[in-house]
Amino acid sequence: MAASRAANAEQTRRVEDVVLADGGSVAVRPLGPDDVGRLSAFHLRLSEANPHDPDLAGAAGDPALLAGRVVSPGSRASAVLGALVGDQIVGLVEYSTIGDEGDARFGILVESPHQGRGLGTLLIDILIDTAGEAGVRRLVADVPASSRRVLEVLRSVGFDLTPMDDTQIRVSYPVETGDGPGSSTRSRRGRVGGGLDHPDGSRSIDRLLHPRAVAVIGASRQPGAVGHEVFRRLLRSGFTGAVYPVNAAATHVASVYAYQDLHAVPAEIDLAVVAVPAQRVTEVLRTCAQKRVRGVIVVSAGFADGGDEGRALLADAIRIARDGGMRLIGPNAMGVINTAPTTRLHATFAVGEPPAGRVGVFTQSGALAGTFLTDAARRAVGFSTFVSAGDRSDVSTNDFLEYWQSDPRTDVIMLHLQSFGNPRRFARIARQLGRHKPVVALKSGQESADTGVNALFTSAGVVRADTLNQLFDAVQLLAHQPLPAGRRVGIVGTSSALAALATDACRTYGLEVPALSEETWSELAALVGHRYATNPVDLGPLADPERFDAALRLVAASGDVDAIIALVTPHAQVDRLGAAVREVAADSGLPVLASYLGQDGIPAALAVADPSGSAGRGSVPSYSSPESAALALSRAADHAAWRARDHGRVPALDRIDLDGARAEVERHPKNGTWLPEPAVATLLAGVGLRAWPSIRVADEAQARAAAEALGWPVALKISDERFRSRLDVGAVQLGLGDPDELGGAWRAVRAAVGPGDMLVQPMAPAGVSTVVRLRQDPTVGPLLSLRLGGAVADLLVDPLARTLPLTDRDAEDLIHEIRGSVLLVGGSGAPAADTDALADLLHRVARLAEELPAIGEILLDPVLVGRRGVVLLHAGIRLLPPETESRTLLRALAVPT
């Protein structure tokens with residue numbers, strides 16, 4: 001009970017700082033005894049404003065009932081969450097369970113001045129997560145039919161509405177039922193402005209990118225100084241709004257009148273670029289808040305990279321921005337660019353001017369910003385928007401992904417990531433965005449090659465690049481050409497050597513170079529002049545442009561290929577060859593790539609002019625080598641296949657009862673040690689799993705007694721997890737049928753691995769040995785992996801993994817794609833194991849981790865997959881300290897105790 005009270009007290013101290021649709025923010029937290037006065041004041045303001053304002057049934061409108069709940073918190077049967085601005089409650093949401101079927105009645109109230117900001121939708125979203133974590137199956141309420149605004153919010157979130165009579169509507173939400181690919185009972189939507197289903201959440205980012213007036217605070221007169229360069233680039237870009245330099249020590253900057261402080265600027269400021277020393281930034285931010293600035297870019301360094309003092313300054317800056325309702329990019333940011341002709345904003349100090357285009361770019365590195373801009377200009381890859389976010393103290397990758405989802409000027413997203421602030425939210429947004437706008441990412445850092453990042457990108461449909469060149473290679477194809485319908489490639493060129501390289505590269509990257517149909521082959525033979533004309537088609541270094549064009553069209557129209565790679569070497573009429581490539585791309589509808597004179601980018605001969613003057617859609621990207629072209633095309637084909645596939649659903653599971661498991665978690669320290677076996681059994685039972693019987697023994701006499709209790713024959717194994725499955729070194733002895741065999745086995749294990757407790761188990765049915773592991777990956781959060789068991793697999797096989805939530809398609813992929821999967825799925829005369837039972841086990845492990853985020857690791861080793869059913873021979877579970885539990889809400893801060 002004391003542990004429960006401590007857990008609830010800790011929960012009460014946690015604050016979720018969330019951004020609303022208009023860019024403002026509120027703090028959402030469980031209400032406690034100290035909030036009774038605030039609750040009374042909240043209801044008093046409501047009654048004075050409109051005593052007849054309808055709200056949902058439940059306790060939301062009843063101050064006395066709510067006060068009783070918050071005075072005595074601790075029961076999972078109910079919860080009251082409040083949204084606070086400063087010290088004042090402006091909205092609340094609550095639920096209370098009814099009956100024994102897992103239903104809960106809920107209520108919500110939002111104060112009138114804060115309605116229309118997305119707060120109601122956000123509170124409902126948090127309610128769904130909170131109730132789901134507590135085991136609620138369904139949320140219900142009876143809503144007055146006259147409450148049209150409330151009903152519309154609930155309908156948009158996914159509630160079912162059923163008229164009861166002319167005055168009441170019954171609303172319900174099945175908390176445990178997946179609502180689409182990647183859904184789960186927790187964290188279904190994003191946390192900005194009501195979530196992914198509500199595009200108003202991008203309004204605060206839109207204001208950052210489309211300001212009417214910009215102030216540069218710290219605009220120096222010295223060329224080369226950061227503030228000076230930002231100011232000059234704003235002027236040079238032709239920014240359509242007003243720019244105000246702020247410099248306390250100068251009257252003019254670049255011949256423009258300068259103001260001593262922000263208060264002196266005679267205009268409303270939408271965006272402030274702060275370029276002052278780190279120690280002055282918090283003072284400047286307070287002034288911005290007083291001036292009601294809505295967006296701030298801090299280019300100053302010395303915060304996250306400035307030791308304890310810098311981190312303290314960063315915490316102050318975040319708090320000031322949040323309290324002032326400001327969105328903050330940085331610190332240590334390079335700035336933002338918006339090439340929209342109605343804005344033309346270049347608020348960075350990076351050298352380089354990217355052409356206008358359809359690519360949205362986000363980089364966490366300030367130093368790389370100049371490289372991005374230079375490469376974009378060199379390759380003719382046009383940007384719609386660009387942001388260098390630095391420390392990402394507020395505005396994050398996820399915020400911009402959400403913005404680009406509804407931005408009509410952005411067709412492709414290019415990311416450079418060093419870390420994930422909230423990997424699960426990233427996966428949700430990227431998965432939804434990638435269905436119509438490709439997301440291409442370069443992940444750098446020591447863990448960049450980890451299984452976790454690959455699993456996250458695979459699940460979310462993100463196109464992964466390994467280098468900056470590969471990042472631009474993939475983006476320039478996806479931004480200008482359609483996705484391929486398959487993996488068949490036609491190769492047409494003027495060099496047999498390049499054609500051979502292209503063919504080898506295609507096969508290396510999983511593409512096909514098919515033989516052409518007899519009809520196409522005969523037409524090509526007549527065109528080329530010999531009977532060996534097939535794929536790849538080599539027209540020779542002196543190829544006639546008309547024949548080159550005709551060959552391209554024959555291959556494109558053959559129906560035998562899904563994409564074309566054109567290879568063009570130096571030629572007297574090289575521009576005509578380029579024009580042929582460009583025109584065939586436009587006429588065929590197939591994606592066409594080129595290796596044109598060994599150039600990267602989009603040469604003029606391959607470009608289709610955009611109204612902005614840059615290379616537009618339909619331009620043909622060129623690559624310096626056939627290998628680069630083939631790799632880019634392979635990644636485009638992978639993405640097209642991801643879009644076309646069924647992404648699956650999170651299945652409903654029976655035999656789920658987690659109340660005992662939750663209580664068990666509260667009884668144990670979260671210090672990373674392995675839980676005792678009874679505790680592990682309780683946690684597994686919560687999701688309907690049971691380990692094979694096992695008795696730990698310390699001597700041979702205890703082993704004989706255990707064998708008699710379990711029934712002969714038995715297995716004997718060392719309890720040390722390093723050797724528990726090592727048949728090869730003698731640490732496991734099987735099929736022991738009597739005390740004499742057990743005694744010999746005891747001595748054999750001792751001789752093989754030395755002293756230590758042993759385990760006695762009844763003999764399990766035969767099956768394929770596998771290892772299932774759930775761990776908290778430091779980069780991407782919960783990660784579920786599967787591999788075959790055994791000593792060789794331990795040493796040689798990297799496990800295949802997926803991030804959570806786990807869909808039925810994810811589980812199928814894990815089983816069918818691991819090395820040695822033929823042992824599970826059968827084939828070549830081998831019988832199939834019960835893969836359905838294995839998939840069910842995977843889903844139950846995932847569910848346990850989803851519901852109990854304190855779990856740091858679950859290790860099931862081995863799991864025997866038989867012809868019918870699975871046997872879990874051993875299970876281990878560890879709990880993490882609270883500060884390492886995964887966070888699901890945006891901009892989460894812990895209030896000091």
Side-chain angles (χ1 to χ4, degrees), residues 673-681 684 689-773 786-797 799 820 823-824 830-831 833-834 837-838 841 857-878:
T673 58
W674 294 104
L675 294 178
E677 291 177 16
V680 172
L684 293 177
L689 293 176
R690 183 175 70 90
W692 196 246
S694 175
I695 298 177
R696 182 182 290 265
V697 296
D699 56 41
E700 190 174 339
Q702 291 180 2
R704 284 195 299 271
E708 294 289 347
L710 293 171
W712 303 92
V714 297
L716 181 71
K717 60 185 69 175
I718 195 73
S719 64
D720 188 331
E721 64 184 41
R722 295 174 300 171
F723 303 108
R724 190 182 294 127
S725 301
R726 296 295 300 274
L727 279 163
D728 58 315
V729 298
V732 179
Q733 302 289 324
L734 302 176
L736 310 175
D738 56 45
D740 290 339
E741 290 183 0
L742 179 66
W746 182 277
R747 291 185 290 276
V749 173
R750 279 278 182 263
V753 293
D757 286 353
M758 296 198 203
L759 301 175
V760 179
Q761 291 182 301
M763 285 297 296
V768 179
S769 177
T770 63
V771 178
V772 177
R773 185 186 183 200
L786 174 70
R787 63 172 174 82
L788 293 180
V792 175
D794 287 346
L795 297 173
L796 301 180
V797 179
L823 297 176
L824 292 171
D834 191 346
L838 178 57
L841 179 140
E857 183 174 4
I858 302 171
L859 181 60
L860 310 183
D861 179 14
V863 174
L864 300 182
V865 187
R867 296 288 300 276
R868 295 185 62 184
V870 296
V871 172
L872 169 53
L873 285 185
H874 179 77
I877 297 179
R878 299 192 297 162

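All figures in this text were calculated on a predicted structure; none of them were measured in a lab.
Nearest approach of V771 to G789, heavy atoms of both residues: CG2-CA, 3.9 Å. Across every non-hydrogen atom of P862 and S769, the tightest pair is CB-OG, 3.5 Å. The minimum heavy-atom distance between E700 and G743, with the atom names listed, is OE2-CA, 3.1 Å. Taking every heavy atom of both residues into account, A764 and W692 meet most closely at CA-CZ2, 3.7 Å. Looking at every heavy atom in both residues, G735 comes nearest to M763 through N-SD, 3.2 Å. Minimum heavy-atom separation, P693 to Q761: O-CG, 3.2 Å.
With sequence neighbours excluded, the residues that form a side chain to side chain contact (heavy atoms under 4.5 Å, CB included) with A837 are D834, V870. Looking at residues two or more places apart in sequence or on another chain, you find a side chain to side chain donor-acceptor pair (under 3.5 Å) between W712 and E708. When the side chain to side chain donor-acceptor pair (under 3.5 Å) test is applied to E741, no partner is found at least two apart in sequence or on another chain. Applying the side chain to side chain contact (heavy atoms under 4.5 Å, CB included) rule to A731 yields the partners I718, F723, R726, V729, V753; only residues at least two apart in sequence or on another chain are considered. A701 pairs by the side chain to side chain contact (heavy atoms under 4.5 Å, CB included) definition with D699, R704, not counting sequence neighbours.
No option in I877, L786, L841, L873 other than L841 meets the side-chain contact (heavy atoms from CB on, under 4.5 Å) test with L860.
Atom CZ of R878 sits about 9.0 Å away from atom CG of L859, to the nearest 0.5 Å. Atom CD1 of I695 sits about 4.0 Å away from atom CG of L710, to the nearest 0.5 Å.
Judged by distance alone, with hydrogens and angles left aside, the side-chain atoms of S719 form no donor-acceptor pair with the main-chain N or O of L759 at under 3.5 Å.
Residues L838 and V768 are not in side-chain contact: their nearest non-hydrogen atoms beyond the backbone lie 4.5 Å or more apart. At a threshold of 4.5 Å between non-hydrogen side-chain atoms, the residues V697 and M758 count as touching.
Identified under the salt bridge (charged side-chain N to carboxylate O under 4.0 Å, His left out) test for residues 748-773, with sequence neighbours left out: R696-D757, R773-E857.
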